[in-house]
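The residues of the chain are indexed from 1 along the displayed sequence. Note that this is a predicted model, so its numbers are computed, not measured.
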Amino acid sequence: MHHTSAPLVAWGNAWLSGHVGLDDAVDAVERRSGPNLIGTVPAGDLPFDSGVPLRTALVRLGGMGLSVFRLALPAQGDPLGLVGPRELNQAALHAQEGVLVRLADRQVGLVPAIDRRGSSYVGVSWTPYPANDALPQVPDLAEAEQRLRLTLLEVTRTLEGVDDISGFTPGVHDRVGALGEREAPPLASGYPPRAHRVAAQATRLSRVVELAEPDSGRGLTAQQAQARTKALRELDMAVRRAQVAAHAAIAPRGTVR
């Protein structure tokens with residue numbers, strides 16, 4: 001699944017840590033998703049009008065003590081990376097993603113939506129929400145990597161007991177490989193090698209989950225379909241935790257340039 005929040009977190013943190021300049025960070029984000037605009041604030045007092053370009057927004061946030069971007073990848077019953085309040089959590093859950101932005105005196109949540117205008121314009125519109133001033137629960141990178149590896153083994157064993165496991169046949173893996181070859185690396189400059197490795201593996205496995213889902217239940221008994229669905233859900237949970245942990249594995253200095 002392609003998340004528009006992940007590139008903003010990765011390249012935003014690379015900028016904050018001094019590994020890339022602001023223009024390079026914005027260009028990298030917008031190469032993935034098109035123009036990014038910050039929308040109208042539903043509550044709070046951030047200095048944004050509707051439709052502020054990403055570069056301008058980052059400069060303004062930098063003046064407010066911007067120090068880190070954090071990735072949220074929530075799912076139903078699993079508010080991974082979120083801190084509340086309810087309005088932010090509901091919006092991010094609906095989008096299945098979001099970004100927490102740490103400022104000097106507050107925390108803000110940004111939730112993306114596809115922005116389509118006319119027949120050719122496609123970009124991203126970010127809606128800011130006030131966020132509770134709390135640290136999200138972020139998995140440790142080493143633990144997330146181990147959990148991803150163990151979950152993949154468990155899921156594979158579970159699916160070996162299912163007659164039709166077409167979602168994990170070589171055809172799906174071939175398509176995953178083809179997707180990976182066309183895509184940019186999931187992380188940016190400045191992240192440690194382990195984070196790059198975990199993020200890349202999580203990205204590939206997220207494609208497995210995505211491509212396998214439509215085949216769930218095809219030619220299966222009710223029990224087999226239930227086991228397959230549960231296995232894919234567990235893999236998705238491990239993948240999301242690995243992605244969040246990988247994107248958090250950089251230490252911005254809090255200085256912008």
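- The backbone N or O of G34 sits less than 3.5 Å from a side-chain atom of N36, completing a donor-acceptor pair.
- Residues passing the side chain to side chain donor-acceptor pair (under 3.5 Å) test with D105, sequence neighbours excluded: none.
- Here L82 sits alone; no ILVMFWY side chain lies under 4.5 Å from its own, so it joins no hydrophobic cluster.
- At a threshold of 4.5 Å between non-hydrogen side-chain atoms, the residues L73 and V239 do not count as touching.
- Judged by distance alone, with hydrogens and angles left aside, the side-chain atoms of S33 form no donor-acceptor pair with the main-chain N or O of E30 at under 3.5 Å.
- Residues L22 and V26 are in side-chain contact: their nearest non-hydrogen atoms beyond the backbone lie under 4.5 Å apart.
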- Mind running salt bridge (Lys or Arg N to Asp or Glu O under 4.0 Å) on R102 and D133 for me, showing each step along the way? CA-CA 9 Å; R102 178 74 252 181; D133 194 7; 2.4 Å; yes

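- Each of Q96, Q243, E97, R70 was evaluated against S5; a single residue qualifies, E97, per the side chain to side chain donor-acceptor pair (under 3.5 Å) test.
- Residues V101 and Q107 form no side-chain contact, since every pair of their non-hydrogen atoms from C-beta on lies 4.5 Å or further apart.
- Listed by chain and number, the residues in a salt bridge (charged side-chain N to carboxylate O under 4.0 Å, His left out) with R241 are D78 (sequence neighbours excluded).
- No donor-acceptor distance shorter than 3.5 angstrom exists from the side chain of R86 to the backbone of Q90, with no hydrogens or angles considered.
- In terms of heavy atoms, L100 sits closest to P136 at CD1-CG, 3.9 Å.
- Scanning for salt bridge (charged side-chain N to carboxylate O under 4.0 Å, His left out) contacts around D140 gives an empty result, with sequence neighbours left out.
- Counting only distance, with no hydrogens or angles, the side chain of E145 and the backbone of V198 share no donor-acceptor pair below 3.5 Å.
- Across all their heavy atoms, L110 and L8 have their closest contact at CD1-CD2, 4.4 Å.
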- Message: Let's go through V124 and L37 carefully: what are the C-alpha distance in whole Å and the side-chain angles of both, what is the deciding distance for side-chain contact (heavy atoms from CB on, under 4.5 Å) to 0.1 Å, and is it a yes or a no?
- Response: CA-CA 6 Å; V124 177; L37 303 175; over 6 Å; no

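- Residues D27 and R31 are not paired through a salt bridge, judged by the lack of any N-O separation under 4.0 Å between the basic side chain and the carboxylate.
- Residues V111 and A95 approach most closely at CG1-CB, 3.8 Å, considering heavy atoms.
- Scored by the salt bridge (charged side-chain N to carboxylate O under 4.0 Å, His left out) test, E143 finds no partners at all (sequence neighbours excluded).
- The two residues V155 and A231 make their nearest non-hydrogen contact at CG2-O, 3.3 Å.
- In this structure, the side chain of Y191 does not engage the main chain of A249 through any donor-acceptor pair within 3.5 Å.
- Qualifying side-chain contact (heavy atoms from CB on, under 4.5 Å) partners for Q146, counting only residues two or more places apart in sequence or in other chains: R149, L150.
- Side-chain atoms of N13 come within 3.5 Å of backbone N or O of F69 as a donor-acceptor pair.
- Counting all heavy atoms, side chain and backbone alike, P112 lies closest to G98 at CD-CA, 4.3 Å.
- Using a 4.5 Å cut-off on side-chain heavy atoms (C-beta onward), V52 and R60 make contact.
- The minimum heavy-atom distance linking D115 with S125 is given by the pair CB-N, 3.9 Å.
- In the hydrophobic clustering of ILVMFWY residues, with side-chain heavy atoms under 4.5 Å counting as a link, L103 and I38 come out together.
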